[in-house]
Amino acid sequence: MITGATLIGSRDLSTTATFRAVDPSRGIEMEPAFSDAGPAEVDIATRLAAEAFPIYRATVPEQRAAFLDLIALKVEDVGDALIERATQETGLPTARLEGERSRTTSQLRLFANWVRAGGADEPRLDSPLPQRTPLPRADLRQRHIGIGPVAVFGASNFPLAFSVAGGDTASALAAGCPVIVKGHPAHPGTSELVGRAVRDAVAASGLPEGVFSLLTGRSNELGGALVADPRISAVGFTGSRAGGLALMKIATARPVPIPVYAEMSSINPVFLLPGALRARAEALAAGFVASLTLGAGQFCTNPGLVIALAGEDVDRFIAAAGARVSGASAATMLTPGIAGAYAKGISALEASPGVTEVARGGEGGPNGCRPSLFVADADLFMTAPVLAHEVFGASSLVIRCADEDEMRAVAHALEGQLTATLHLEPSDHDLAASLLPVLEDKAGRILANGWPTGVEVCHAMVHGGPFPATSDPRSTSVGTLAIRRFLRPVCYQDLPEDLLPPAVRTRNPLHLPRLVDGAVDLPTEPRS
Ligand code: NAP
């Protein structure tokens, strides 16, 4: 049931100030009114989280894994009501949201299995060398522990998979950290339904109430107070560059600065190499426009930049892509604010001298996104920074390069990206090999002959990259490696066996895989 309360531990709190969700496809406000939490609510939630932390982080892997599995089950138990509300609040189609729900629950289960297998503890043991000369070596054992309570900012464009029980929350809980979610004000009802599911799982698992809270609100003051609170140890954020930078500023100005893992903006360059373009310009155009217009282009991996050599092959691509963009209809964007920002970004491109509009899609409802395609030459791209700004939505810019050197120069000129894509044939491998080292420096994920939208949740995924794609290029916000963001290593030197945590005891009572004297040591007994 959706009440509009903010969920702090096991309590439902209401504030005098309220706000409402907007149905973006109709442009009207929805019931009920939601509490507009502020610093007072932050104070209660962070106090409860701090109290819960020592108890929650002492849970053994199997307990945390069972808790994550239970959250997945409770989210599924919400049933159709969740999809119906999310559809109304976001304008996203039902099938997309059903897919996103299953991504959310399978992510929780993947993380549960990873925790169960010792992936969060990552124990390492170095045996003592008492006879070593000139100095003996002590007995050294390392494991990872949760960093402390984590603030999570739900993303507008993934109301389930990057929101209340999404990737950041799953990572932090897997790491043994209590979580306080600042719900995105664009989907407060969806957030409450999922928040109640997580809260039920906390109670049913016998965990302290402060392990999870959901703060509803739409003021910067709320998010700012959360990040500034001394009991918060780290932040997970997905959204705008301005929002991420504002939170990083608050985090670094604290008496005790904390890490902010912000995923912000990326235009995901796609390089169409000459052999591929010659062989299949029209097929590339079809794949490109499908990726560009998916979800009204509201993906951080949307292909916002296409780079190719000038000539008749790229002209074929532009003509075919333009025809498809012209035939595409407008899709509802997530919020009036996002639709407004898209319109502003398109106007900036239209007003840029040297940028030519190739095509615009059809007009749509109140917050419709008309797909857009532009073209410009590489020398202009490298001197006009506005052309490299993310336009969040279904807009892309084709850059024509005079030759391969100019293509490499464009690659060098790029900011940090989540992804970089190469479309290639065997005849393109030399050019691709010369681009690869540059792209490795620029992007978290490099694809060949695919499209960047669609991010697999698995062990090898990197959904990260150098600034401004993220605030910390050493991390990922998707996949099991995301858990590391909220862990820190502790080394135990010469501690008596009975004082050591179970993960690093000699007998290996948790049956975890461990690195012992530099070699992988797999448990011989099954995990209980
Ligand atoms: P946003 O404006 O960055 O907001 C995301 C969250 O951060 C919201 O909960 C917001 O809360 C909070 N926030 C933002 N600025 C803050 C500040 N200065 N202090 C404290 N909290 C702050 O993102 P959005 O609402 O999802 O969309 C706006 C734009 O972000 C889009 O047009 C797009 O350009 C970009 N975006 C990018 C991605 C991506 O994946 N790269 C995804 C989504 C959006 P309140 O506003 O309620 O205070």
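Read the numbers this way: they start at 1 and go in the same order the structure lists the ligands and their atoms.
Neither the backbone nor the side chain of Arg241 comes within 4.0 Å of ligand 1, counting heavy atoms alone. In Cys300, the parts holding a heavy atom less than 4.0 Å from any atom of ligand 1 are both the side chain and the backbone. When heavy-atom distances to ligand 1 are checked against a 4.0 Å cut-off, Ser240 comes that close through both its backbone and its side chain. Both the backbone and the side chain of Asn220 come within 4.0 Å of ligand 1, judged by heavy-atom distances. When heavy-atom distances to ligand 1 are checked against a 4.0 Å cut-off, Lys182 comes that close only through its side chain, counted from C-beta outward. Residue-level proximity to ligand 1 for Leu247 is carried by the side chain, the only part with a heavy atom below 4.0 angstrom.
Panel note: side chain Glu100, backbone Leu160; a donor-acceptor pair is recorded below 3.5 Å. Distance alone, capped at 3.5 Å, places no donor-acceptor pair between the Ser326 side chain and the Ala359 backbone. The closest donor-acceptor contact from the side chain of Ser213 to the backbone of Ile8 lies at 3.5 Å or more, if one exists at all. Within the 3.5 Å criterion, the main-chain N or O of Thr3 finds a donor-acceptor partner in the side chain of Glu192. Side chain of Gln417 to main chain of Ser266: no donor-acceptor pair is present (N/O by atom type, distance under 3.5 Å, no hydrogens or angles). Remark: the backbone N or O of Asp36 is paired with a side-chain donor or acceptor of Thr15 at under 3.5 angstrom.
Between Leu284 atom CG and Trp451 atom CH2 the span is 5.5 Å, to the nearest 0.5 Å. To the nearest 0.5 Å, the span separating CD1 on Ile2 from CD on Glu89 amounts to 6.5 Å. Residue Leu397 holds its CG atom at 12.0 Å from CD of Glu357, rounded to the nearest 0.5 Å. Expressed to the nearest 0.5 Å, how far CG of Leu82 lies from CZ of Arg196 amounts to 13.5 Å.
Judged by the shortest distance from any of its heavy atoms, Ser219 lies inside the 4.0 Å radius around the atoms of ligand 1.
A cation-pi contact, defined as under 6.0 Å to the ring centre and within 45° of the axis, links Arg96 to Phe158.
Among protein heavy atoms, atom 41 (N) of ligand 1 sits closest to Met264 O, 2.3 Å. Protein heavy atom nearest atom 37 (C) of ligand 1, with residue, atom name and distance: Gly239 O, 3.2 Å. Given atom 28 (C) of ligand 1, the protein heavy atom at minimum distance is Ile338 CG1, 4.0 Å. Atom 12 (C) of ligand 1 has Phe153 CD2, 4.0 Å as its closest protein atom, hydrogens excluded (heavy atom only). For atom 18 (N) of ligand 1, the closest heavy atom belonging to the protein is Ala246 CB, 3.2 Å. Closest to atom 4 (O) of ligand 1 among all protein heavy atoms lies His184 NE2, 4.0 Å. Protein heavy atom at the shortest distance from atom 31 (C) of ligand 1 is Phe392 CD2, 3.7 Å.
Annotation: Gly224 places no N or O atom under 3.5 Å from an N or O atom of ligand 1; distance criterion only.
Atoms of ligand 1 lying under 4.0 Å from any heavy atom of Asn157, numbered from 1 in the order shown and given with element: 40 (O), 42 (C), 43 (C). Ligand 1 places these atoms under 4.0 Å from at least one heavy atom of Ser156: 24 (P), 26 (O), 43 (C). Which parts of ligand 1 touch Ala341 is read off a 4.0 Å heavy-atom cut-off, strictly below it: atoms 32 (O). Less than 4.0 angstrom separates some heavy atom of Gly243 from each of these atoms of ligand 1: 14 (C), 15 (N).
Counting only non-hydrogen atoms, the option in Phe158, Phe237, Phe162, Phe299 that gets closest to atom 7 (O) of ligand 1 is Phe237.
Partner of Pro452 under the side-chain contact (heavy atoms from CB on, under 4.5 Å) criterion, chosen from Pro269, Ser291, Cys300: Ser291.
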